[in-house]
Amino acid sequence: MNSYIRKYTITFFCLYGKNFGYGHYSRINSFVKNIKKRVKLVTFGDPINISKKLYSKYDYYKNIKEYNNKNILKKKNSLAILDLSNYSFFKKNNINFFYKKIRNTFEKVIVIDSILNESFYNKINLSVDCLVIPYFVANKYKKKYKKINFLTFPEIYFCNEKILKLKHNKTKQIKSCLVTLGSTDNNNLNFELIKILSSNLFRKINFTFILGKFLTNNYKKKLIALSKEKINIKFIDFNLNFYSLFNKSDLILSSSGITKYEALITKKPNIRIYRNRREKILDNEFSKKQTIKGFNLKAEKIPFINYFKKLVFNENFSKKILNKNFKMLNNIKIKNINNIDVRI
């Protein structure tokens with residue numbers, strides 16, 4: 001595993017913190033465990049407590065400017081892996097100068113990326129040794145990048161190894177829902193969902209809300225107060241027990257990030273909750289691979305409520321949708337999980 005890249009001295013660059021969430025670091029953590037080699041880590045955003053078993057050195061910068069100002073010498077037999085795809089990050093930082101410095105410092109560069117205005121590669125428009133977009137993408141991207149070393153889903157994916165040990169049970173009826181909207185919630189989507197799901201109409205459905213790492217205590221208190229008399233709604237801080245709860249749930253309500261692919265891998269039905277129109281566009285190719293829909297909660301509140309009611313209470317509709325969804329997901333075979341094994 002990772003036999004070609006293990007010969008390099010590897011440095012990971014990723015985003016982490018209240019403005020960027022936990023996903024980038026989580027993805028890299030899963031990959032590093034699979035390399036079975038200690039590597040260097042650089043994060044932008046907020047500092048993090050790292051595992052010394054995985055990382056030989058850790059450097060933290062608030063922004064790219066701090067890194068750009070450092071004098072860093074060219075390193076022989078070195079590899080940089082960048083996981084920095086984030087639109088607001090691009091707007092606030094000099095990406096082009098940073099990447100030129102990376103190219104001048106490291107022998108090889110792998111970019112883990114996204115699409116549209118979340119794409120790091122499109123912003124720099126310079127050479128990479130391997131470009132990885134670990135999501136479903138339209139064929140136009142495969143044609144666009146056919147001349148470079150390019151990997152995409154389902155050729156490759158990164159996830160917590162605990163996901164791979166979960167059983168793939170077919171959901172026959174929805175009695176429990178896991179709500180996990182990411183480590184940050186700048187759009188107050190947890191609040192909006194609780195107002196909807198705390199209706200007496202759904203009192204026989206058990207809801208577990210996962211409270212993200214970067215939610216403030218005041219926000220958590222407001223969420224709990226909103227549903228304090230509802231015995232079918234409970235709140236749990238994100239912890240190592242997450243995947244046990246994930247496995248026991250009949251339906252996953254998630255943000256449009258890593259969790260939707262974890263649901264796909266485990267064949268779980270998953271309603272994606274989009275923060276904005278852009279996320280819905282980014283989800284387009286993923287949506288084609290299953291029958292369960294996604295919704296922009298701010299713009300599609302009523303359609304979401306009607307769809308959720310139908311999925312939970314209409315037995316014929318639910319059975320048809322859930323069975324077809326399971327079959328579609330079962331046909332998707334992932335080749336490399338937490339593994340970039342490419343010649344660079």
Side-chain angles (χ1 to χ4, degrees), residues 1-17 19-86 89-90 92-114 119-121 123-124 126-134 148-151 156-159 336 338-344:
M1 301 290 276
N2 298 295
S3 57
Y4 296 120
I5 71 167
R6 287 187 82 254
K7 64 182 181 181
Y8 293 99
T9 299
I10 302 171
T11 303
F12 279 92
F13 293 79
C14 81
L15 306 176
Y16 175 85
N19 293 323
F20 308 116
Y22 181 71
H24 295 271
Y25 174 71
S26 172
R27 182 158 59 191
I28 278 185
N29 235 18
S30 301
F31 181 33
V32 172
K33 287 177 183 177
N34 200 54
I35 294 175
K36 295 180 172 60
K37 174 183 179 179
R38 291 175 78 216
V39 303
K40 298 175 184 178
L41 176 67
V42 175
T43 65
F44 299 104
D46 297 319
I48 185 172
N49 292 321
I50 63 163
S51 167
K52 292 184 179 179
K53 291 182 179 180
L54 298 178
Y55 301 104
S56 58
K57 184 182 179 184
Y58 171 56
D59 290 315
Y60 149 71
Y61 302 92
K62 290 182 180 178
N63 51 54
I64 274 183
K65 184 178 180 180
E66 288 186 0
Y67 181 85
N68 287 345
N69 289 336
K70 284 197 71 174
N71 184 25
I72 301 174
L73 300 175
K74 176 86 174 179
K75 301 172 184 176
K76 290 184 178 181
N77 203 41
S78 58
L79 166 64
I81 301 181
L82 313 181
D83 192 343
L84 302 170
S85 56
N86 181 280
F89 181 69
F90 301 153
K92 296 176 182 178
N93 290 278
N94 188 343
I95 299 298
N96 282 292
F97 183 87
F98 164 76
Y99 188 70
K100 286 176 182 177
K101 186 167 186 172
I102 291 292
R103 280 269 50 154
N104 290 331
T105 305
F106 294 86
E107 282 190 13
K108 302 290 183 179
V109 179
I110 294 174
V111 171
I112 301 173
D113 209 11
S114 187
S119 173
F120 180 90
Y121 181 68
K123 294 287 186 297
I124 54 152
L126 293 167
S127 66
V128 297
D129 296 290
C130 182
L131 176 64
V132 178
I133 302 180
I148 65 174
N149 205 354
F150 179 50
L151 294 171
I156 191 167
Y157 190 62
F158 309 100
C159 67
N336 293 299
N338 300 337
N339 179 43
I340 301 176
D341 199 19
V342 294
R343 293 182 184 275
I344 51 175

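The analysis underlying the following values was restricted to heavy atoms, covering all of them including side chains, and did not include hydrogens, waters or symmetry mates.
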Margin query: Is it the case that the side chain of N63 and the backbone of E66 share a donor-acceptor pair, with hydrogens and angles ignored and the cut-off at 3.5 Å?
Written below: yes
Next item on the list: State the OG-CZ distance between S114 and F120, to the nearest 0.5 angstrom.
Entry: 13.0 Å
Next item on the list: Please report the shortest heavy-atom distance between I64 and N93, naming the atom on each side.
Entry: N-OD1, 3.0 Å
Notebook entry, point to check: Listed by chain and number, what are the salt bridge (charged side-chain N to carboxylate O under 4.0 Å, His left out) partners of K75, not counting sequence neighbours?
Noted result: none
Notebook entry, point to check: What pairs with N86 under side-chain contact (heavy atoms from CB on, under 4.5 Å), at least two apart in sequence or on another chain?
Noted result: L15, F20, S88, F89
Next item on the list: Identify the two heavy atoms, one from N339 and one from I156, that lie closest to each other, and give their separation to 0.1 Å.
Entry: O-CD1, 3.1 Å
Note to self: For D83, give me all partners under salt bridge (charged side-chain N to carboxylate O under 4.0 Å, His left out), at least two apart in sequence or on another chain.
What the structure shows: R27
Distance-only criterion, 3.5 Å: show the donor-acceptor pairs between side-chain atoms of residues 96-107 and protein atoms not counting sequence neighbours.
residue: Y99; atom: OH; partner: S127; partner atom: O; Å: 2.6
residue: K101; atom: NZ; partner: Y67; partner atom: O; Å: 3.2
residue: K101; atom: NZ; partner: N68; partner atom: O; Å: 2.8
residue: K101; atom: NZ; partner: K70; partner atom: O; Å: 2.1
residue: R103; atom: NH1; partner: S127; partner atom: O; Å: 3.1
residue: R103; atom: NH1; partner: D129; partner atom: OD2; Å: 3.4
residue: R103; atom: NH2; partner: E107; partner atom: O; Å: 3.3
residue: R103; atom: NH2; partner: D129; partner atom: OD2; Å: 2.9
residue: N104; atom: ND2; partner: K100; partner atom: O; Å: 3.1
residue: T105; atom: OG1; partner: K101; partner atom: O; Å: 2.6
residue: E107; atom: OE2; partner: N77; partner atom: N; Å: 2.8

Note to self: Which heavy atom of Y55 sits nearest to which heavy atom of N29, and what is that distance?
What the structure shows: OH-OD1, 2.8 Å
Checklist line | Distance (rounded to the nearest 0.5 Å) between T43 OG1 and L84 CG | finding: 10.5 Å
Check: Can you list every salt bridge (charged side-chain N to carboxylate O under 4.0 Å, His left out) pair that touches residues 40-58, not counting sequence neighbours?
Finding: K18-D46, K57-D59
Note to self: Would you compute the distance between atom CD1 of I344 and atom CG of L79 and round it to the nearest 0.5 angstrom?
What the structure shows: 4.5 Å
Notebook entry, point to check: Is the side chain of R38 donor-acceptor paired with the backbone N or O of L54 at a distance under 3.5 Å, no angle test?
Noted result: no
Checklist line | N49 and Y58 side chains, donor-acceptor separation under 3.5 Å | finding: no
Notebook entry, point to check: Atom NZ in K92, atom NZ in K65: separation rounded to 0.5 Å?
Noted result: 15.0 Å
Next item on the list: Using the test ring-ring contact (aromatic ring centres under 6.0 Å, His included), find all partners of Y16 that sit at least two apart in sequence or belong to another chain.
Entry: Y25, F214
Checklist line | Side-chain (D113) to main-chain (Y121) donor-acceptor, under 3.5 angstrom | finding: yes
Notebook entry, point to check: Do P134 and I112 come within less than 4.5 Å of each other through their side chains, counting heavy atoms only?
Noted result: yes
Check: Roughly how far, to the nearest 0.5 Å, is OG of S119 from CG of L131?
Finding: 7.0 Å
Notebook entry, point to check: What's the spacing between I81 CD1 and I35 CD1 if we round to 0.5 Å?
Noted result: 5.5 Å
Checklist line | Close side-chain approach of V42 to Y61, heavy-atom, < 4.5 Å | finding: yes
Next item on the list: Taking the side chain as every heavy atom from C-beta outward, state whether K108 and C130 have any atom pair closer than 4.5 Å.
Entry: no
